[in-house]
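In what follows, a structure is listed as structure tokens, so that the remarks can point back to it.
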Amino acid sequence: MKKLAAIAAILALASAPAFAATQGGFSGPSTTTTTQTGGFVGPNGTVTTAANAKTMRDDTWVTLRGNIIERVSDDLYIFKDASGTVNVDIDHKRWNGQTITPQDVVEIQGEVDKDWNSVEIDVKQIRKVNP
């Protein structure tokens with residue numbers, strides 16, 4: 001029985017890199033990629049602007065439509081629409097296997113995250129849309 005448990009543990013450890021393979025993500029300056037599947041599909045509520053999102057209360061749910069134009073750091077990107085720009089925090093798992101470039105129009109949903117002197121959007125979902 002101990003041999004069976006040891007073999008199972010070794011197989012689990014050996015197969016972990018296969019499950020950690022990544023795909024998709026932002027394709028632009030300083031890109032990295034990951035994958036995740038699933039999520040809510042349905043009405044997204046009202047789309048707001050980057051400038052309006054900056055004035056909203058902390059933890060307000062927002063939907064933005066525009067372009068991700070640059071990667072600032074590991075999970076921090078600059079989102080731009082007709083009203084201006086706002087920083088967006090996109091965790092690796094949120095890319096959902098998509099590859100997104102600065103030319104792609106995206107719709108992001110997330111929460112306004114206000115600190116003492118900065119505002120960013122903590123992205124919970126991102127998807128490409130037709131312009």
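- In this structure, the side chains of Val105 and Arg65 come closer than 4.5 Å at one or more pairs of heavy atoms.
- Note that CG of Asp59 is 5.5 Å distant from CD of Glu111, once rounded to the nearest 0.5 Å.
- A donor-acceptor distance shorter than 3.5 angstrom exists from the side chain of Gln98 to the backbone of Ile126, with no hydrogens or angles considered.
- Here the CD1-CD1 distance, from Ile68 to Ile78, works out to 11.0 Å after rounding to the nearest 0.5 Å.
- Taking the side chain as every heavy atom from C-beta outward, Val86 and Leu64 approach each other to under 4.5 Å.
- At least one side-chain heavy atom of Ile100 sits under 4.5 Å from a side-chain heavy atom of Lys128.
- Residues passing the side-chain hydrogen bond (donor to acceptor under 3.5 Å, both in side chains) test with Lys124 are Asp122, sequence neighbours excluded.
- Considering CD1 of Ile69 and CZ of Phe79, their distance stands at 10.0 Å, rounded to 0.5 Å.
- In this structure, the side-chain hydrogen bond (donor to acceptor under 3.5 Å, both in side chains) partners of Thr101, at least two apart in sequence or on a different chain, are Gln103, Asp104.
- Residue Asp75 holds its CG atom at 10.0 Å from CD of Glu120, rounded to the nearest 0.5 Å.
- No donor-acceptor pair closer than 3.5 Å links the side chain of Lys80 to the backbone N or O of Glu70.
- Ser83 contributes a side-chain N or O that, together with a main-chain N or O of Ala51, makes up a donor-acceptor pair within less than 3.5 Å.
- To the nearest 0.5 Å, the span separating CG on Asp74 from CG on Asp91 amounts to 8.5 Å.
- Between Asp58 and Asp113, the closest side-chain pair of non-hydrogen atoms falls below 4.5 Å.
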